[in-house]
Amino acid sequence: MSQFGTSAIALRSLQDMSTRSVPDLVLLDLRLPGMDGLDSLPCFKSTLPDAKVMILTQSDDEADVLRAISRGASGYLLKSSTLDQITEGIRSIMVERVRVPE
């Protein structure tokens, strides 16, 4: 697990990673120094096309939620969420539900 203070540093680091160590999940805040999370979201999706991006932020602004989802976020949680809510949110986007044919 890696942690970065800005989107630019994270993206630069991800571009240097070997394909073995590419993350399956990115937790992304919207309010970051430099390039904010909404602006960097398409870059993360381009760099990590198979990874899920979960927004974890303080913003409960409906416009932020809609912009994040439209730019490729797999989910959106508030930092005020309980640990159980965050865990379940991550689990729900990471588990692919297999549909059994009828």
Side-chain angles (χ1 to χ4, degrees):
M1 181 172 76
S2 298
Q3 182 176 334
F4 304 97
T6 70
S7 293
I9 294 170
L11 288 165
R12 208 169 26 251
S13 178
L14 290 170
Q15 291 168 347
D16 294 340
M17 286 184 169
S18 70
T19 55
R20 291 180 299 172
S21 60
V22 172
D24 296 320
L25 172 69
V26 173
L27 293 178
L28 182 63
D29 194 351
L30 295 184
R31 307 296 180 244
L32 294 168
M35 185 187 332
D36 74 16
L38 283 173
D39 291 335
S40 66
L41 186 50
C43 300
F44 279 101
K45 293 302 294 177
S46 175
T47 302
L48 301 168
D50 296 327
K52 305 289 184 181
V53 178
M54 172 68 79
I55 303 299
L56 185 60
T57 189
Q58 292 179 345
S59 175
D60 63 355
D61 183 343
E62 182 179 349
D64 284 342
V65 176
L66 295 174
R67 279 192 298 264
I69 299 302
S70 72
R71 293 181 184 185
S74 300
Y76 194 104
L77 292 169
L78 298 177
K79 288 183 177 180
S80 60
S81 300
T82 66
L83 180 58
D84 286 341
Q85 289 169 326
I86 293 171
T87 301
E88 183 55 34
I90 291 170
R91 184 175 290 126
S92 71
I93 66 168
M94 295 306 295
V95 176
E96 291 193 17
R97 306 197 190 288
V98 176
R99 187 172 179 182
V100 178
E102 295 179 16

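Using a 4.0 Å cut-off between charged nitrogen and carboxylate oxygen, D64 and R31 count as a salt-bridge pair.
F4 shares a hydrophobic cluster with I9; the chain of contacts runs through ILVMFWY side chains whose heavy atoms sit under 4.5 Å apart.
By the 4.5 Å heavy-atom criterion applied to side chains, V22 and L48 are counted as neighbours. Between P23 and L14, some side-chain heavy-atom pair lies under the 4.5 Å cut-off. At a threshold of 4.5 Å between non-hydrogen side-chain atoms, the residues F44 and P49 do not count as touching.
Within 6.0 Å of CD on Q85 lie more than 12 heavy atoms contributed by other residues, nucleotides or ligands.
For the atom pair K52 NZ and K45 NZ, the distance stands at 6.5 Å (nearest 0.5 Å). Atom CD in Q3 sits 12.5 Å away from atom OG in S13 (nearest 0.5 Å). Atom CG of L25 sits about 8.5 Å away from atom OG of S74, to the nearest 0.5 Å. S46 contributes atom OG, which lies 11.5 Å from atom CG of L41 (distance to the nearest 0.5 angstrom). Rounding to the nearest 0.5 angstrom, the gap separating the OG atom in S80 from the CG atom in D60 is 8.0 Å. The CG atom of L77 lies 8.5 Å from the CG atom of L27; values are rounded to the nearest 0.5 Å.
A pairwise comparison of heavy atoms in A73 and I69 identifies O-CD1, 3.7 Å as the closest pair. The minimum heavy-atom distance between A63 and D61, with the atom names listed, is N-OD1, 2.9 Å. Between R71 and D39, the closest heavy-atom pair is NH1-OD1, 3.5 Å. In terms of heavy atoms, L28 sits closest to L32 at CD1-CD1, 3.9 Å. A pairwise comparison of heavy atoms in S40 and S7 identifies OG-OG, 2.9 Å as the closest pair. Of all non-hydrogen atoms in G75 and M54, the two that sit nearest each other are C-SD, 3.3 Å.
In this structure a side-chain-to-backbone donor-acceptor pair under 3.5 Å is present from S92 to G89.
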Candidate pair L56 and K79, rule side-chain contact (heavy atoms from CB on, under 4.5 Å), full reasoning: CA-CA 6 Å; L56 185 60; K79 288 183 177 180; 4.1 Å; yes
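One hydrophobic cluster, built from ILVMFWY side chains closer than 4.5 Å, cannot hold both L66 and L30; they sit in different ones.
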